[in-house]
Amino acid sequence: MDIQTIERHGDALYQAWRERRVMRPLREQSPDITLADAYAIQSRYVARRVEAGETIVGKKIGVTSKPVQDFLGVFEPDFGQLTSSMVRSESDGVDLNTLIQPKAEAELAFVLKRDLIGPGITAADVLYATDYVTPCFEIVDSRIQDWNIQIQDTVADNASCGVFLLGDVKGDPRKLDLTLAGMVLHKNGELHSTGVGAAVQGSPVNAVVWLANTLGRLGLPFRAGEVILSGSQSALVPVTEGDELVCTVGGLGTCRARFHGRSAL
């Protein structure tokens, strides 16, 4: 794909995000789009947001479970970039007026205290570099019509990043068994789903190892203070005004997300 087409798609995604509207899948607009093209488009889209005043605050890992990988026809996760305008707090909740067609995922976030520069990163390196872990919600959102996505669409669309919300509790990952730690998700007071860390690449730590090494090969380091969303441990949860989600991670604590306002769709 030539640079002009990459920039055109990246700019279109940026405008769709700004205007809270959807667009046709990129694989329909450019049937020859490759995964490398999709990451180049993502870079253009994110660069437009940074040019508008946002900063990069971390990364997210997506497509971590085997069923999702099988569905999308891929054999490894993908990643997106987290920006300053995506950050939400438990106290403020999530304003749906900023989103298009949101769905929530419960997962574990890693916050770094040291730089993490791949390749060659191991699980021990990730644990050493992590300041703390906390339960969190990622509210994914798609600029692609009807969530009609394949891997090229979601990667180009910055891995369907919307906003994210970190819990207030902070746990030492060296003192927790993140592989076996169970996660329970309640929606409006009722049990919605359960999960376990092993569903994410065998362990959330392994997902972070994968991303650190993948980014390292691209010349992109993780920096101290960055947030890493390690991948969903729950099914996607559609959310609307008045909903409340609570995820609880065994041995760690809870994260609560309240939703107000109305999404575009």
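Side-chain atoms are counted along with the backbone in the values below, which use heavy atoms only and exclude waters and symmetry mates. Values in this document were obtained by computation on a predicted structure and should not be read as measured data.
- Transitive grouping of hydrophobic side chains (ILVMFWY, heavy atoms separated by less than 4.5 Å) brings L211 and I121 into a common cluster.
- For E105 (side chain) and G231 (main-chain N/O), no donor-acceptor pair under 3.5 Å exists by modelled atom type.
- Applying the salt bridge (charged side-chain N to carboxylate O under 4.0 Å, His left out) test to every pair with at least one member in residues 106-123, sequence neighbours left out, gives these pairs: D115-R223.
- The side-chain heavy atoms of N148 and R24, taken from C-beta on, include no pair separated by under 4.5 Å.
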Practice problem: Could you please spell out the steps behind the side chain to side chain contact (heavy atoms under 4.5 Å, CB included) verdict for K60 and C161? | Solution: CA-CA 8 Å; K60 66 155 284 187; C161 283; 3.2 Å; yes

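- Distance check: F137 CZ to L185 CG gives 5.0 Å after rounding to the nearest 0.5 Å.
- Using modelled atom types, no side-chain atom of T248 and backbone atom of T254 make a donor-acceptor pair closer than 3.5 Å.
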Practice problem: Evaluate the side chain to side chain contact (heavy atoms under 4.5 Å, CB included) criterion for residues Y39 and L218: first the C-alpha distance (whole Å), next the side-chain angles of each, then the deciding distance (0.1 Å), finally the verdict. | Solution: CA-CA 11 Å; Y39 277 115; L218 299 173; over 6 Å; no

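- There is a path of hydrophobic side-chain contacts, each under 4.5 Å, that joins L127 to V208.
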Quiz item: Yes or no on side chain to side chain contact (heavy atoms under 4.5 Å, CB included) for Q152 and T34, after CA distance, side-chain angles and deciding distance?
Solution: CA-CA 7 Å; Q152 295 94 329; T34 67; over 6 Å; no

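- The backbone N or O of V237 sits nowhere less than 3.5 Å from a side-chain atom of K187 that would complete a donor-acceptor pair.
- Residue S43 holds its OG atom at 9.0 Å from CG of N158, rounded to the nearest 0.5 Å.
- A donor atom on one side chain and an acceptor atom on the other are found under 3.5 Å apart for N97 and D95.
- Within the 3.5 Å criterion, the main-chain N or O of I100 finds a donor-acceptor partner in the side chain of D141.
- We find the CE-CD1 distance between M1 and I3 to be 10.5 Å, quoted to the nearest 0.5 Å.
- One finds the CG atom of D78 at 9.5 Å from the CD1 atom of I61 (value rounded to the nearest 0.5 Å).
- The side-chain heavy atoms of V126 and I228, taken from C-beta on, include no pair separated by under 4.5 Å.
- Applying the 6.0 Å contact sphere to CZ of R174 captures more than 12 heavy atoms from other residues, nucleotides or ligands.
- The main-chain N or O of F164 is never found under 3.5 Å from a side-chain atom of R88 such that the two would form a donor-acceptor pair.
- Not one N or O on the side chain of T134 forms a donor-acceptor pair closer than 3.5 Å with the backbone of L166.
- Each of R48, R18, R49 was scored for a salt bridge (charged side-chain N to carboxylate O under 4.0 Å, His left out) with E54, with one residue passing: R49.
- Here the straight-line distance linking atom OG1 of T122 with atom OH of Y128 works out to 12.0 Å at 0.5 Å rounding.
- Identified under the salt bridge (charged side-chain N to carboxylate O under 4.0 Å, His left out) test for residues 150-162, with sequence neighbours left out: R27-D153, R143-D157.
- Between the side chain of N188 and the main chain of E244, a donor-acceptor pair closer than 3.5 Å is present.
- Of the N and O atoms on the side chains of S30 and H9, at least one donor lies less than 3.5 Å from an acceptor on the other residue.
- Applying the side chain to side chain donor-acceptor pair (under 3.5 Å) test to pairs two or more places apart or on separate chains, those with a residue in residues 159-171 are T154-S160.
- A side-chain donor-acceptor contact under 3.5 Å links D2 and T5.
- S84 contributes a side-chain N or O that, together with a main-chain N or O of T55, makes up a donor-acceptor pair within less than 3.5 Å.
- A salt bridge links E7 with R44: the distance from a Lys NZ or Arg NE/NH1/NH2 to an Asp or Glu carboxylate oxygen falls below 4.0 Å.
- Between the side chains of S89 and D92, a donor-acceptor pair is found at a separation under 3.5 Å.
- Between the side chain of Q233 and the main chain of P204, no donor-acceptor pair closer than 3.5 Å is present.
- Atom CG of residue D243 and atom CG of residue L96 lie 8.0 Å apart, to the nearest 0.5 angstrom.
- I144 has its side chain within reach of L26: a pair of non-hydrogen atoms, C-beta onward, lies under 4.5 Å apart.
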